[in-house]
Amino acid sequence: MTGASVLDAPRRPDADRGFGRSGAGSPFVRLLARRLLMAIPLLLAVSVLVFLLLELMPGDPARNQAGMDASEEQVEAVRRRMGLDKSPVERYFGWLFGIFRGDLGRSSVSGQSVVDMLGDRAPVTLELVTLAFAVSLLIAIPVALMAARRPGGIFDRTVMVVSMTMLAVPNYVLAMLLVLVFAIMLRMLPAIGFVPLEEGLLPNLRSVLLPVLALAVPLAAFYTRFLRGDLVEQMNAADYIDTARAKGVGPWLVLWLHAFRNSSFGLLTIVGLNIGTLVGGTVIIEQIFAMPGMGMMMLEGAMSRDVAVVQMCVFVFAAVAILANLFVDLMYAVLDPRIRYGSH
Amino acid sequence: MAVTEAPAAAVVAVPAPDVLDPERGSLRWAGIRRRLVLGIPLGFVALLILACFVGPLVLPLHPPVGGDILNSALPPGSPSHPLGTDINGNDVLSRLLHGGQSSLLVAISVNLIGLVVGGGIGALSGYAGGWVDNVIMRVLDVFIAFPSLVLTIAIAQALGPSLPNTILALTAFSIPAVARVARSATLRIKTMPFVQAAELSGSPAWRILLRHIAPNITPQMLNFAMLGMGIVIVTEGALSFLGLGIPAPNPSWGNMIYEGQQSMSATPLLVLWPSLALLATVLSFNLLGENIRDEMSGR
């Protein structure tokens with residue numbers, strides 16, 4: 001349900017007035033600058049919202065830290081030590097500048113620094129997300145190309161029905177079914193747990209295979225449907241396809257070299273917009289498979305009312321989504337010469 | 001006799017000429033298929049609403065909570081427990097129907113609020129344009145920047161688990177998304193001649209929004225709301241699965257899946273029932289949404 005920021009971002013007319021094709025005046029650099037300038041206030045606003053949200057969390061973090069049987073004075077001392085006696089505005093700026101200094105505070109439960117925790121947890125989530133994207137695209141692109149080869153054919157219709165069904169399967173349900181079949185019934189793969197890469201590539205991949213599939217299959221269904229629809233549209237309506245056909249390019253090559261090349265822009269946008277959804281999806285998938293990633297860290301933090309931890313996790317998740325969209329915007333410019341040279 | 005009968009038999013042997021005619025035959029088949037594609041999900045949703053909201057009132061069901069631990073994990077087909085019982089001895093069918101009630105209640109409320117509030121904001125923003133539009137859209141950008149599940153988890157956690165809070169948390173990501181769709185639909189409508197005619201005849205802005213814009217963006221909003229039903233049901237399930245949605249022991253499909261997970265190797269069916277219910281419901285709403293879209297694009 002993430003909106004299409006790329007799709008309806010206003011293209012100001014002055015953006016196309018190129019001053020030259022290199023250096024600071026080049027349209028690409030100015031596009032980069034404008035997008036970065038748009039991302040910064042957004043990130044700041046997100047940080048304010050995260051902070052406000054966590055302020056609303058019931059319970060007293062100082063009391064939490066000091067323990068239930070601590071005296072009023074002890075709680076007050078903890079409150080001062082944690083800086084909670086300051087006004088919310090002061091604390092917000094303290095928190096914000098802390099981010100720039102690389103000081104993200106400490107967990108009020110374990111006392112561990114949040115930077116260290118992120119260092120431990122983020123790689124796990126990163127591995128899950130990267131592999132999920134790779135797997136979903138590896139499924140979606142060939143399947144969509146084969147389906148678009150003969151729209152309405154038997155393969156195409158099968159793909160449409162299967163993908164429609166997979167789209168309706170929530171990733172946590174899929175996760176359960178995968179565990180049921182591969183871990184409990186067939187005993188081929190571990191049901192839960194994460195094996196770090198240092199203990200060998202194969203055990204690591206075995207431990208992440210089921211969670212990656214649970215994340216990737218619904219995504220693959222979504223991408224397949226999108227790409228197939230776009231390809232069919234291109235093949236039916238675009239003049240350059242007719243030109244390619246008239247030149248005598250074979251049907252597969254027209255699909256690959258011409259239609260897919262154009263459709264890949266739309267796919268890229270969708271992938272970028274999905275990063276937020278996928279990152280959110282890891283919260284529940286990590287929980288099911290007991291993966292010690294950021295999603296688990298956020299959930300554990302939420303359960304134990306560990307404000308510093310939840311704050312940072314939510315902020316990182318949102319920042320990743322924003323930066324991913326920024327990256328997609330820029331990839332657009334890199335891939336599409338019309339945008340790169342400002343002659344759009 | 002025999003001679004005159006022969007042509008008659010030949011006519012009878014070709015009972016339905018349109019079946020032989022490939023074009024007409026496939027047209028008829030397409031018509032039937034279209035009705036099925038609309039009818040099956042529509043029928044399923046109607047049946048589901050009936051079963052979940054009326055079923056518990058008229059069927060001789062056990063209560064969904066407070067079962068006897070002695071009846072724990074009875075298999076399906078046990079006397080008076082058609083789908084068996086769960087680990088706590090509660091009737092699975094009863095829990096499924098009551099769980100569906102909360103899922104549907106949450107999904108319908110969230111989407112209605114989303115349609116009215118989000119649709120209103122989006123239409124207003126798109127129609128007003130200028131700085132109003134800019135301010136509203138930048139605020140919505142902030143909400144949309146959050147991964148939806150992360151935002152809902154944070155809100156649900158801040159508010160505490162309960163049915164109304166679940167609805168509130170889910171509207172936080174529904175409203176901005178709906179507003180976006182409503183805005184882009186409004187932008188397209190507002191340049192049309194009939195809107196300009198209304199403006200020139202001096203209709204006030206609220207009247208144009210209500211009488212001219214709203215009816216024209218409704219089909220697109222409905223299509224989006226159908227997809228939204230699926231998304232909300234899935235997300236509500238996720239929240240309840242994580243213990244942040246409908247609080248146990250009250251049933252919801254999400255927390256039933258979670259409970260089932262705890263004993264999955266012994267009683268896999270306890271996971272399967274709510275999963276199937278969730279899947280069929282989401283699939284039906286998605287198909288309905290697709291149908292509305294196809295109708296709109298005039299297939």
Side-chain angles (χ1 to χ4, degrees), chain A residues 1-5 7-8 38 41-43 45-46 48-50 53-58 164-165 167-177 179-180 183-185 191 275-284 287-288 295 298-299 302-303 305 310-311 313-314 317-322 325, chain B residues 137-155 157-160 173-174 176-181 183-184 187 227-228 230-231 233-235 237-238 241-244 254 257-258 260-261 264-265 268 271-272 274-275 278-287 290:
Chain A
M1 227 154 160
T2 32
S5 72
L7 300 179
D8 57 22
M38 273 166 70
L42 191 57
L43 276 171
V46 162
V48 173
L49 188 65
V50 171
L53 208 60
L54 274 295
E55 282 289 297
L56 291 176
M57 225 155 116
M164 191 75 197
T165 313
L167 214 51
V169 184
N171 52 22
Y172 47 94
V173 168
L174 186 62
M176 296 286 158
L177 296 180
V179 169
L180 196 62
I184 294 175
M185 287 161 69
I275 288 179
T277 318
L278 183 59
V279 164
T282 59
V283 176
I284 193 159
Q287 179 71 10
I288 293 172
M298 175 186 151
L299 212 59
M303 295 300 174
R305 310 231 170 266
V310 182
Q311 233 165 20
C313 287
V314 176
F317 281 138
V320 166
I322 292 173
N325 280 325
Chain B
M137 290 326 283
R138 292 298 84 77
V139 171
L140 294 183
D141 276 350
V142 177
F143 282 88
I144 287 175
F146 282 92
S148 52
L149 191 61
V150 171
L151 180 66
T152 20
I153 287 176
I155 295 176
Q157 178 61 32
L159 299 174
F173 84 87
S174 155
V178 177
R180 263 220 144 96
V181 176
R183 173 180 176 267
S184 59
L187 285 179
L227 291 178
I231 294 172
I233 290 174
V234 167
T235 318
F241 182 93
L242 295 171
L244 296 167
I257 296 175
Y258 176 74
Q261 185 204 6
M264 195 155 59
S265 45
V271 171
L272 221 55
S275 300
L278 201 61
L279 195 153
T281 309
V282 176
L283 187 59
S284 301
F285 280 115
N286 286 355
L287 285 172
E290 195 132 288

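Proteins come first, then strands; the chains are lettered A, B, ... in the order of their sequence lines, and each starts at number 1.
Contacts between A:L177 and chain B at a heavy-atom distance below 4.5 Å involve the side chain alone, from C-beta outward. Of the two parts of A:L299, only the side chain, counted from C-beta on, holds a non-hydrogen atom closer than 4.5 Å to a non-hydrogen atom of chain B. Interface remark: A:M185 contributes no atoms to any contact with chain B (heavy atom separation under 4.5 Å). Proximity to chain B involves both the backbone and the side chain of A:F317, based on heavy atoms less than 4.5 angstrom apart. With a 4.5 Å cut-off on non-hydrogen atoms, B:V142 touches chain A through its backbone and its side chain both. Both the backbone and the side chain of B:L287 come within contact range of chain A, judged by heavy atoms closer than 4.5 Å.
What you find for A:V310 and A:M298 is that their closest heavy atoms are CG2-O, 4.0 Å. The shortest heavy-atom contact between A:N171 and A:G281 is ND2-CA, 4.0 Å. Closest approach of B:V271 and B:G260 over heavy atoms only: CG2-C, 3.3 Å.
Annotation for B:F285: atom CZ counts as buried by contact number, over 12 foreign heavy atoms lying within 6.0 Å.
Between B:I231 and B:V234 the shortest side-chain heavy-atom distance does not fall below 4.5 Å.
Of the listed residues A:L180, A:V179, A:L43, A:V169, the one with more heavy-atom pairs under 4.5 angstrom with chain B than any other is A:L180. Interface summary for chain B: among A:V50, A:V48, A:V173, A:L174, the most heavy-atom pairs under 4.5 angstrom belong to A:V173. Between chain B and the options A:V279, A:V283, A:I288, A:L278, heavy-atom pairs under 4.5 Å are most frequent for A:I288. Highest contact tally toward chain B, considering only A:L42, A:V320, A:I322, is held by A:L42 [criterion: heavy-atom pairs under 4.5 Å].
Of the inter-residue distances, the one linking A:T282 atom OG1 with B:L149 atom CG reads 8.5 Å to the nearest 0.5 angstrom.
Listed for the A:Y172 side chain is a donor-acceptor partner under 3.5 Å among the backbone atoms of B:A238.
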